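Since the structure comes first, as structure tokens, the remarks are kept for the end.
Predicted model, so just to flag it, every value in this text is computed and none were measured. Every chain is numbered from 1 and lettered A, B, ... according to where its sequence line falls, protein lines coming before strand lines.
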Amino acid sequence: MRRSKYLLNTLKETPKEAVVISHQLMLRTCMIKQLASGIYTYMPFAVRSIRKIERIIRQELDRVGCIELLMPSVQPADLWNESGRWKNYGKELLRMKDRKENEFCYGPTHEEVVTDVVRRELRSYKELPLNLYQIQTKFRDEVRPRFGLMRGREFIMKDAYSFDVDEETCDASYWLMYEAYKRIFSRCGLNFRPVEADSGLIGGDYTHEFHVLANSGEDEILSCNQCDYAANVERCEVRQPAAFSGPELDKPRRVATPDAKTIEEVSNLLGVQPSQCVKALLYKTENEPVLAFIRGDRTLNETALRNALGVPELELLNEGDAREVGLVPGFVGPINAPDGLSLWVDPEVLAIEASVVGANAPDAHFTHVHPSHFANYQVTSLRQAFAGDPCPRCDEGVLASWRGIEVGQVFKLKTKYSESMNASYLDEQGHSKPMVMGCYGIGVTRTMAAAIEQNHDDAGIIWPVQIAPFHVTLLSLDVGSDEVDGAAETVYQALTDRGVEVLYDDTKGRPGFKFKDADLLGIPIQLVFGKRSLNQGLVDLKMRGTGEKRSVALAECVDETIAALRQQGWEHH
RNA sequence: CGGGGAGUAGCGCAGCCUGGUAGCGCACCUGCUUUGGGAGCAGGGAGUCGCAGGUUCAAAUCCUGUCUCCCCGACCA
């Protein structure tokens, strides 16, 4: 591609709305143009990278037997009523009406449509397993779109859906996809981790997210430094201590703690460690208030509490709400708690020999509280794991914390949709059974953004060669000189003939400008053609990633370039 | 949805307080000089000042309403 005929207007200055690096660089390199909040045009330079990511996805999914199809973006409300999601999905679902006032939505995901396809087409166990996928634009009306392509409303997604006869073969389909995902993200040149994630209410035993490691990631993930355990912090398991089993040495003592409402104030006033205090948090489910207790120096994991209660929603209550259920804000504890509250206690709390708890009375706490003084409670792991915790799986490991960008998820749906939408097959005995489903997503455009988040420096993008919009950029410093033009044209043609994608900067710019621009664009290899070197029969080859530069003979430069590309993992297709 | 900020040329911004011919830098076009790390000079094109209403002889500027965008938080199959 000749730069003079391409659409690629780079910016020297960073538009002010961009705060994360991928967003800034994508704007500066003319990759995206915003049309509305969370809605972008993918410009030519970006589309080239998107197509490469898609190509890798297609190859790896086809390899494990997935079959590509393409479903409609606009979906009738009827289908969503069958699954129950027309009511439940909420405002993220973009709804609309056609001219006949029939209701439709723009697809945020395609469980309903794919289940409908399969229930019409499949009858027999002999046709299973089946895994259908598509790559398509999705729309989710996010509450707060942000960070460019990292959290857009419209985005390109690969979604796949597996159909199996039972849970066992569904597991096999799941792990096949898990391995395919590892190959996909590896081939994209990304540093990533598959992590255990929360499966919510329908998910069942496990689900994994694939995270690209980057400081700007919105998720915290924890991984073991010894074994391969890794989990989203909201799902991360905690090694729990045994309850303190020694005898009660003393009765709880009621002490005056005027105005000491926070853990910090109480521990300072009484001269005890925060880890000896008990923190109480009041939540509300749809039906009932719930009181949770964790150690004073810990953070509560709301996902853990939600799962323990088996509820989809949980709301943290404020002081006013606390008074309504008979609590004294700041002095809440497990002893003499008002009736009608369900009490949940983290195991760590019960490992404290003598703890400090609120007295459920104004300006008072109990000290010397022994585990046996807790009454009418249930024990469940409630605290959030953090870096430095021992690994929950192996004996030697310690957890380390990372920021991650979620680029993919594999998920077991089981029979949620096949039952509600009646997608069934006949087994060998002629019995009708619901298919067991899995779903598997990859955010294509988010993957591209994550790649930039992970691969850049002060000068600009550093594309992994596998997903780079071009493999090589050829800079002509003396456009108009017959010698330079001739050499550049010849090499441009030769590289192109050998399957190398070249961005040929044949514009009449000054050298400094071209160098800066090439660094900004981040194409893996720069080939520099200028009189100064060419007079000695040389061209200059620079590796964008390492900054390494060397001069090579004009006659050798095509082979040298291809060798350097191969070294970075380039494969000619 | 709560809190904060911003809409003036493609991008970055000034002008608004104190109403009176809409400006600067980058980018773009023309010419000359320059040419190995974002050149210099000269000339030029480009803006319904987010939108609507009001006050006024006169509104980018004052008043009211409204829309959009960004950031923090809540939320995120």
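- Taking atom CG of residue A:L11 and atom C1' of nucleotide B:G38, one finds them 13 Å apart after rounding to whole Å.
- Residues A:M157 and A:I135 have side chains not in contact (no heavy-atom distance under 4.5 Å, counting atoms from C-beta outward).
- Here A:K182 pairs with A:Y178, A:E179, A:F192, A:P194, A:F210 under the side chain to side chain contact (heavy atoms under 4.5 Å, CB included) rule; sequence neighbours left out.
- Note: CZ (A:F139) to C1' (B:A77) measures 16 Å, nearest angstrom.
- B:C24 and B:G12 make up a base pair, with Watson-Crick or G-U wobble contacts both under 3.5 Å.
- Using a 4.0 Å heavy-atom cutoff across all strands shown, A:R85 reaches no nucleic acid atom at all.
- The nucleotide whose nearest atom lies closest to any side-chain atom of A:P511 is, among B:A77, B:U35, B:C69, B:U35.
- Residues that satisfy the ring pair (Phe, Tyr, Trp, His ring centres under 6.0 Å) test with A:Y504, not counting sequence neighbours, are A:Y492.
- Contact check for A:V502 versus A:H471: no side-chain heavy atoms found under the 4.5 Å cut-off.
- In this structure, A:R510 reaches the B:A39 phosphate: one of its side-chain N or O atoms is under 4.0 Å from OP1 or OP2.
- When each of A:F155 and A:K16 is assigned the nucleotide of RNA chain B bearing its nearest heavy atom, the one mapping closer to the 5' terminus is A:K16.
- Taking atom C1' in both B:G43 and B:U64, the straight-line distance is 46 Å, to the nearest Å.
- In this view, A:R151 and A:E142, A:E218 satisfy the side chain to side chain donor-acceptor pair (under 3.5 Å) rule, not counting sequence neighbours.
- When both distances must be under 3.5 Å, the Watson-Crick or G-U wobble mate of B:G19 does not exist.
- A heavy-atom distance below 4.5 Å is not found between the side chains of A:K158 and A:Q134.
- Contacts of A:Q409 with the nucleic acid, taken as non-hydrogen atoms under 4.0 Å apart, include base atoms.
- For the pair A:M150 CE and B:C75 P, the interatomic distance rounds to 19 Å; values are reported in whole Å.
- Remark: the A:R28 side chain and the B:G38 base include a donor-acceptor N/O pair separated by less than 3.5 Å.
- Side-chain N/O atoms of A:R140 and base N/O atoms of B:C76 include no donor-acceptor pair closer than 3.5 Å.
- Base-pair partner of B:A52: B:U64 (Watson-Crick or G-U wobble, both distances under 3.5 Å).
- Pairs of residues two or more places apart, or lying in two chains, that qualify as salt bridge (Lys or Arg N to Asp or Glu O under 4.0 Å) and include a residue from residues 439-463 of chain A are A:D457-A:R544.
- Residues A:T137 and A:Y106 are in side-chain contact: their nearest non-hydrogen atoms beyond the backbone lie under 4.5 Å apart.
- When Watson-Crick and G-U wobble pairs are counted only if both distances are under 3.5 Å, B:G2 pairs with B:C72.
- In this structure, A:K542 reaches the bases: a heavy-atom distance under 4.0 Å links it to at least one base atom across the strands shown.
- The C1' atoms of B:G4 and B:A9 are separated by 28 Å, rounded to the nearest whole Å.
- Atoms NZ (A:K508) and C1' (B:U33) sit 15 Å apart, rounded to a whole Å.
- Within the 4.5 Å cutoff, the side chain of A:E234 has heavy atoms near those of the A:N301 side chain.
- The salt bridge (Lys or Arg N to Asp or Glu O under 4.0 Å) pairs that include a residue from residues 7-18 of chain A number zero, where partners must be two or more places apart or lie in different chains.
- At a cut-off of 3.5 angstrom, the base of B:G10 holds no donor-acceptor pair with the side chain of A:N9.
- Ranking B:C76, B:C69, B:G38 by closeness to the A:R151 side chain, first place goes to B:C76.
- Put simply, CZ on A:R153 is 15 Å from C1' on B:C75, counting in whole angstrom units.
- Not a single ring pair (Phe, Tyr, Trp, His ring centres under 6.0 Å) links A:F155 to another residue, sequence neighbours left out.
- Rounded to whole Å, the P atom of B:U56 lies 23 Å from the corresponding atom of B:U66.
- Applying the side chain to side chain contact (heavy atoms under 4.5 Å, CB included) criterion to A:D478, with sequence neighbours excluded, gives A:S481, A:V484, A:K531.
- Distance check on atom C1': B:G15 versus B:A22 gives 8 Å, rounded to whole Å.
- Counting only heavy atoms from C-beta on, A:E92 has its side chain closest to B:C76 among B:C76, B:G36, B:C11.
- When rounded to the nearest whole Å, the span between CE of A:M43 and C1' of B:G10 equals 11 Å.
- The C1' atoms of B:U34 and B:A42 are separated by 15 Å, rounded to the nearest whole Å.
- Rounded to whole Å, the separation between the C1' atoms of B:U61 and B:U8 comes to 11 Å.
- Ranking B:C70, B:A77, B:G36 by closeness to the A:S37 side chain, first place goes to B:C70.
- Nucleic acid contact for A:D519: base, since at least one base atom lies under 4.0 Å from a heavy atom of the residue.
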N/O-N/O pairs, protein side and nucleotides 71-74 of chain B side, under 3.5 Å:
from, atom 1, to, atom 2, distance (Å)
B:C72, OP2, A:R144, NH1, 3.2
B:C72, OP2, A:R144, NH2, 2.7

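- Judged by Watson-Crick or G-U wobble contacts below 3.5 Å, the nucleotide B:A39 has B:U33 as its partner.
- Residues passing the side chain to side chain contact (heavy atoms under 4.5 Å, CB included) test with A:N422, sequence neighbours excluded: A:S424.
- Taking the side chain of A:V528 as heavy atoms from C-beta on, and the options B:G36, B:G38, B:C11, the nearest nucleotide is B:G36.
- Contact between the side-chain N/O atoms of A:Q34 and the OP1/OP2 oxygens of B:C70 is found at a separation under 4.0 Å.
- Nucleotide B:C69 holds its P atom 10 Å from the OH atom of A:Y40, rounded to whole Å.
- Toward the 5′ end of RNA chain B lies the nearest nucleotide of A:L534, the other residue of the pair A:E142 and A:L534 mapping further downstream.
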Restricting to nitrogen or oxygen on both sides, can you table the protein-nucleotides 41-52 of chain B pairs closer than 3.5 Å?
none

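- Scanning atom types as modelled, no donor and acceptor separated by under 3.5 angstrom connect the side chain of A:T14 and the base of B:G12.
- A:L503 is not listed as a side-chain neighbour of A:L474, based on a closest heavy-atom distance of 4.5 Å or more.
- Between the CD atom of A:E315 and the P atom of B:C1 there is a distance of 17 Å, rounded to whole Å.
- Proximity of the aromatic rings of A:W463 and A:H456 is defined here by a centroid distance below 6.0 angstrom, and this criterion is not met.
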Under-3.5 Å N/O pairs linking protein and nucleotides 25-32 of chain B:
from, atom 1, to, atom 2, distance (Å)
B:G25, N2, A:E13, OE1, 2.9

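- Contacts of A:K279 classified as side chain to side chain contact (heavy atoms under 4.5 Å, CB included), with partners at least two apart in sequence or in another chain: A:I263, A:L281, A:I294.
- Among the nucleotides B:G36, B:C75, B:G38, the one closest to any side-chain atom of A:E302 is B:C75.
- Looking at heavy-atom distances under 4.0 Å, A:K138 makes no contact with the nucleic acid at all.
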